[in-house]
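Values reported hereafter were calculated over all heavy atoms of this structure, with side chains retained and with hydrogens, waters and symmetry mates removed. Remember, it's 1-based here, ligands and their atoms both numbered in the order they're listed. All residue numbers refer to positions in the sequence shown, counting from 1.
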Amino acid sequence: MVKKGRIVVLRLGHRPARDKRITTHVGLVARCFGADGLVLTVDDRTVIESMQDVCERWGGSFFVDVVSDWRSYMKGWKGVVVHLTMYGLPLDDTIDEIREAAGDVLLVVGAEKVPPDVYRLATYNVSVGSQPHSEVAAVALFLDRYFKGEELKRDFNGRTRVIPSKEGKKAVIG
Ligand code: SAM
């Protein structure tokens, strides 16, 4: 699998009452599609605990962190900062350059409208199509293009594992 540095997803904004399922889905997709961790800007225990539970049962070394000052986090990032936004440059025109760039990748997604300086703090503003949709889909497609589909073949060495089968549900639960 293409892997030079870490990929961390930064979820900007999160309204606990409205966004906890979507933020959890951003985390689940990030983990499954090859990112190393999720950084939240709001300390929502529901999201953190549900991600920790998945990691504990399904394996891998995915981390979840919380930062209080996301601007400093973006500014201090060693590597490229990719902000996913429908207003950015097309994914297919930027992904090769991002993959070849030195250092780690910080992948930034919003919840509601992101503050305008995010566009400036990003090394790349990248669109996954120029239509509004979802941060979950944007993260999934970005990571899949980045890893060229190889991420889906990764072994998480989890206690719980699916045994792929043509019919029914087969799993080993350790
Ligand atoms: N109404 C918000 C705005 O005007 O910015 C958009 C909120 S959208 C549901 C949440 C996040 O999904 C965005 O901040 C962005 O990160 C991501 N997103 C939505 N559509 C996208 C697209 N076409 N390409 C890349 N990211 C997208």
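The contact set between ligand 1 and Ser127, taken as ligand atoms under 4.0 Å from a residue heavy atom, comprises 24 (N). Within ligand 1, the atoms closer than 4.0 Å to a non-hydrogen atom of Gly129 are 22 (C), 23 (N), 24 (N), numbered from 1 in the order shown. Heavy-atom proximity to Gln131, at under 4.0 Å, picks out these atoms of ligand 1: 20 (N), 22 (C), 23 (N). Proximity to Met86 (heavy-atom distance under 4.0 Å) selects the following atoms of ligand 1: 21 (C), 22 (C), 23 (N), 24 (N), 25 (C). Interface atoms of ligand 1 facing Val109, defined by a heavy-atom separation under 4.0 Å, are 16 (O).
Two rings, from His83 and Tyr119, have their centers less than 6.0 Å apart.
Thr23 and Arg11 form a side-chain donor-acceptor contact under 3.5 Å, judged by distance and modelled atom types alone. Judged purely by distance below 3.5 Å, without hydrogens or angles, the side chains of Glu151 and Tyr146 never pair a donor atom with an acceptor atom.
The cationic group of Arg154 does not satisfy the cation-pi geometry with Phe147, failing either the under 6.0 Å distance to the six-membered ring centre or the 45° limit from the ring axis.
By the 4.0 Å N-to-carboxylate-O rule, Arg18 lies too far from Glu112 to be salt-bridged with it. Ion pairing between a basic and an acidic side chain is recognised when a charged N comes within 4.0 Å of a carboxylate O; Lys20 and Asp44 show no such pairing. A salt bridge does not link Asp36 to Arg6: none of the charged nitrogens lies less than 4.0 Å from a carboxylate oxygen. Between Asp43 and Arg45 a salt bridge is recorded (basic side-chain N to carboxylate O distance below 4.0 Å).
Contacts between His83 and ligand 1 below 4.0 angstrom, taking non-hydrogen atoms only, are absent altogether. Residue-level proximity to ligand 1 for Thr85 is carried by the backbone, the only part with a heavy atom below 4.0 angstrom.
Here the protein heavy atom with the shortest distance to atom 4 (O) of ligand 1 is Lys113 CG, 4.1 Å. Among all protein heavy atoms, the one lying closest to atom 22 (C) of ligand 1 is His133 NE2, 3.4 Å. Of all protein heavy atoms, the one closest to atom 12 (O) of ligand 1 is Glu135 N, 3.2 Å. Among protein heavy atoms, atom 16 (O) of ligand 1 sits closest to Leu84 O, 2.6 Å. Scanning the protein for heavy atoms near atom 24 (N) of ligand 1, the closest one is Val128 N, 2.9 Å.
Within a 4.0 Å radius of atom 1 (N) of ligand 1, the protein contributes no heavy atom.
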Inset, instruction - Verify side-chain contact (heavy atoms from CB on, under 4.5 Å) between Lys78 and Asp104, making sure each step is shown before the conclusion. - result: CA-CA 6 Å; Lys78 304 272 185 283; Asp104 298 337; 5.7 Å; no

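Closest heavy-atom approach to atom 7 (C) of ligand 1 among the candidates Ser134, Ala111, Pro90, Gly110: Ala111.
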